[in-house]
Every structure is written in structure tokens, then in C-alpha cells.
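In this text, all values refer to a predicted model and were calculated from it rather than measured experimentally.
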Amino acid sequence: RVLMNPPGARCHHLYASTPGKVAPARAVFARHYDLRVIDLHAHSTASDGTEPPAQVVACAVEAGLTTLALTDHDTTLGWDEATAAARRHGIRLVPGIEVSCSRRHQSIHLLAYLPDPTHPDLVAELERALHSRDTRLDAMVAKMAADGIPVTIEEVRAQVEPGATPGRPHIADALVASGVIGHRDEAFARWLGGRSPYYVEHYAPDPVRAVEIVRAAGGVPVIAHPRSVNRGRVVSDELIEEMAAAGLVGIEVDHRDHPADAVAHLADLARVLGLVATGSSDYHGTGKLNRIGERTTSPAALEVIEALGTGT
């Protein structure tokens, strides 16, 4: 399902022009008739989103969502704040992580819902990834500065919330803040993309190993946007099949970056492999055009995820 909303809205959702009116009425109707509106992929300032966790939850409520997953990159930092906000607003919060993975220099993202945040193997992988992301930031900024691009590591670190996952979007934010560019997208197009001479890889586990770790931690792994046309190479069916054999539970089928033929193909693949199909916005606040609630997940898929999740 696709929900459209006007550009430029503060919360980037369908009902941003009438906060406090249409959306809450829609949410009450949805809850009463079990027509749950579920978005299972959103980011906050705990990683590369532009809004604090509590504001992401508030935006979800304004959009009429009844369930939201907070899935920041390689961290659980925003869980407590988001959970408290969800309780205040009466919305279901699914705690999650978007785990960065890699195989043969290809970036693959794995959504991990409801894992135990204290599980030793999961903690070790996240800590290793965060340390690598941190040193990678230093290396990228040094390469850019050496070529005369006006950015310093101090300016970049000023964009990262304390304890948050550092990433390329924070380099972009530093360039926006200093007036070098107007939006994150410009930085990625010019300097930060995977084929840029300034790009530096960071540590990320193999996706099959990541699936195994998430399952061991009581979590529910769902591969994120595997056919994204904006991320370079797409994830092959063969790798998804390998991940499914290791315990993958679902595929994020409906995503802004998936063309219609990719959505149809992934839906068929999910059926063949016996996986749940989800849909999500991949919301980043003003960091991306994606609007909260623009893609949603069925209640039946959420029920499978919640039934399998034993970590949180």
C-alpha cells in the first residue's frame, strides 16, 4: 500500500497539513476495526535520521500509524526514548536494528526486529561495526579535505549525536551546515557514493552470519530493500535463498526504491521461500524524501514477526 503526502511537510506524511485532526481519527478507526497501519523501518538521530526518536514516534502518530519500528543503523540507542514516547502516544513500538552487512564488497542491510540487545554475539558485532564506522569517517574526511573539499572531521563529528552511529550522512550534513551544498543527496551524488574515490568501506558481518546472530538473540531478521535501484548492485535471489536457509524470516518487498517489477518479483520470491513480505517507508526525517507511512506492512506479517521475536 502506498500513502502519498505533500512535499515539504515537517513530518513528511499524508496528514501533515492537518495535524491533530484527520490522522488521529484515522488511527482510532484503524484500531477499532483492526485495520492496523504498520511501518517497520524508520531512523532517528541515533543513526542517520534527522529527528530524535520521540519526534519520529510523534510523526508516526500524526501520520495515523498504529505500529512503528525504530530501526537505526547498528545501534539500539534510541529504543528507550522511542518506547517511552510510544507509551505516551498509545502507539505500538517494535524495537529493531538495521544491521549493516557485506559480502564481496556489496552492502546488504538486515532489519532485526525484537532482538535481545544484551546478547553477547550481537553486542560484539555492533560494537565492532561502530568502531569501524568511526575510523572510516576519519579516513573519508581526510581524503576529501586533501582534494580541497571544505570539510573537517570536527565539523562532521558536530553532526553526530552523542553515542549515535556515525555515517556518510553526517559528512553530508556538515557540508550542508557550512553552505557548501543544499541537501544530503547532492553530497552523495558528488562525493559520498559507493563509486566515489573518497568512499571507504567499514567492517560489516556476512549477511548469513548476521541472520544467525539475530536469530540466536531472539530477533526476527528481514532483509531490507534488496532490489533498491539506488544502491548499486541488487541482492541476488541466490543470496536471499542462502539467508533463508540460515533463518531469514522476511523480505522488505514494498519500498520506495523498488520499481514495480521488483516488488512483484520479491513478492513471488517470498511466497516460494515461505517468507513474510513487509513494506516500509525507511523514514529519515528531512534526510531523505521518504515519508513516514508511505509504505506499510500487513497485520498478518506483523503477527508472524511478533510471534517469532523472543529477545525483547
Approximate separation, where rounding is to 0.5 Å, of Ser47 OG and Arg133 CZ
8.0 Å

Could you go through residues 192-200 and list every donor-acceptor pair under 3.5 Å that involves a side-chain atom there, pairing it with any protein atom two or more places apart or in another chain?
{"unit_1": "Ser196", "atom_1": "OG", "unit_2": "Trp191", "atom_2": "O", "d": "2.6"}
{"unit_1": "Ser196", "atom_1": "OG", "unit_2": "Tyr198", "atom_2": "N", "d": "3.0"}
{"unit_1": "Tyr198", "atom_1": "OH", "unit_2": "Asp147", "atom_2": "OD2", "d": "2.6"}

Could you give the distance from CG (Leu68) to CD1 (Ile292), rounded to the nearest 0.5 Å?
5.0 Å

Val123, Leu114: one ILVMFWY side-chain cluster at the under-4.5 Å cut-off?
no

Is any side-chain heavy atom of Met140 closer than 4.5 Å to one of Val156?
no

Compare all side-chain heavy atoms of Leu40 with those of Leu302 and state whether any distance is below 4.5 angstrom.
yes

Would you give me the side-chain donor-acceptor pairs under 3.5 Å for residues 304-312, sequence neighbours excluded?
{"unit_1": "Glu306", "atom_1": "OE2", "unit_2": "Arg92", "atom_2": "NE", "d": "2.8"}
{"unit_1": "Glu306", "atom_1": "OE2", "unit_2": "Arg92", "atom_2": "NH2", "d": "2.9"}
{"unit_1": "Thr312", "atom_1": "OG1", "unit_2": "Pro115", "atom_2": "O", "d": "2.3"}

Less than 4.5 Å apart, any side-chain heavy atom of His225 and any of His41?
yes

By salt bridge (Lys or Arg N to Asp or Glu O under 4.0 Å), Asp185 pairs with (sequence neighbours left out) none

For the atom pair CD (Gln159) and CG (Asp173), what is the distance rounded to the nearest 0.5 Å?
5.0 Å

Partner residues of Thr278 under the side chain to side chain donor-acceptor pair (under 3.5 Å) criterion, sequence neighbours left out:
none

Restricting to ring-ring contact (aromatic ring centres under 6.0 Å, His included), what partner residues turn up for His258, sequence neighbours left out?
His255

Could you measure the distance from the CZ atom of Arg209 to the SG atom of Cys101? Nearest 0.5 Å is fine.
11.5 Å

State, yes or no, whether a side-chain contact exists between Pro299 and Ile38 at a heavy-atom distance under 4.5 Å.
yes

Nearest 0.5 Å, please: how far is NE2 in His183 from CG in Leu289?
6.0 Å

Under the side chain to side chain donor-acceptor pair (under 3.5 Å) test, residues paired with His119 that sit two or more places apart:
none

For His202, all residues meeting ring-ring contact (aromatic ring centres under 6.0 Å, His included), sequence neighbours excluded
none

For Asp39, what residues pass the side chain to side chain donor-acceptor pair (under 3.5 Å) criterion, not counting sequence neighbours?
Ser281

Evaluation steps, side-chain hydrogen bond (donor to acceptor under 3.5 Å, both in side chains), between Asp282 and Ser280:
CA-CA 6 Å; Asp282 198 359; Ser280 310; over 6 Å; no

Is there a side-chain contact between Arg184 and Lys288 (heavy atoms, below 4.5 Å)?
no

Considering residues at least two apart in sequence or located in another chain, which fulfil the side chain to side chain donor-acceptor pair (under 3.5 Å) criterion with Asp138?
Arg157

Answer yes if the side chains of Thr50 and Thr286 hold a donor-acceptor pair under 3.5 Å, and no otherwise.
yes

Just wondering, do Tyr203 and Ser100 contact through their side chains at under 4.5 Å, heavy atoms?
no

Is any side-chain heavy atom of Glu155 closer than 4.5 Å to a side-chain heavy atom of Ile171?
no

Salt-bridge criterion met for Arg227 and Asp237 (N-O under 4.0 Å):
yes

Holding to salt bridge (Lys or Arg N to Asp or Glu O under 4.0 Å), I want the full list of residues that pass it with Arg256, two or more places apart in sequence or in another chain.
Glu294

Between the side chains of Thr71 and Glu98, is a donor N or O closer than 3.5 angstrom to an acceptor N or O?
no

Is the shortest side-chain heavy-atom distance between Pro53 and Leu70 below 4.5 Å?
yes

Here the gap from Thr67 atom OG1 to Leu93 atom CG, rounded to the nearest 0.5 Å, amounts to 9.5 Å

Linked, directly or transitively: Val160 and Leu77 (ILVMFWY side chains, under 4.5 Å)
no

Between His284 and His73, how do the two ring planes meet: parallel, tilted or perpendicular, split at 30° and 60°?
tilted

Answer with yes or no whether the hydrophobic clustering places Leu137 together with Val176; edges join I, L, V, M, F, W, Y residues whose side-chain heavy atoms lie under 4.5 Å apart.
yes

Supply the members, apart from Leu273, of the Ile/Leu/Val/Met/Phe/Trp/Tyr cluster built from side-chain contacts under 4.5 Å; use none for a lone residue.
Trp79, Ile97, Val99, Ile108, Leu110, Leu122, Leu126, Val208, Val211, Ile213, Val214, Ile223, Val235, Leu239, Ile240, Met243, Leu248, Ile251, Val253, Val263, Leu266, Leu269, Leu275

Side-chain hydrophobic cluster, 4.5 Å single linkage: members besides Val234:
none

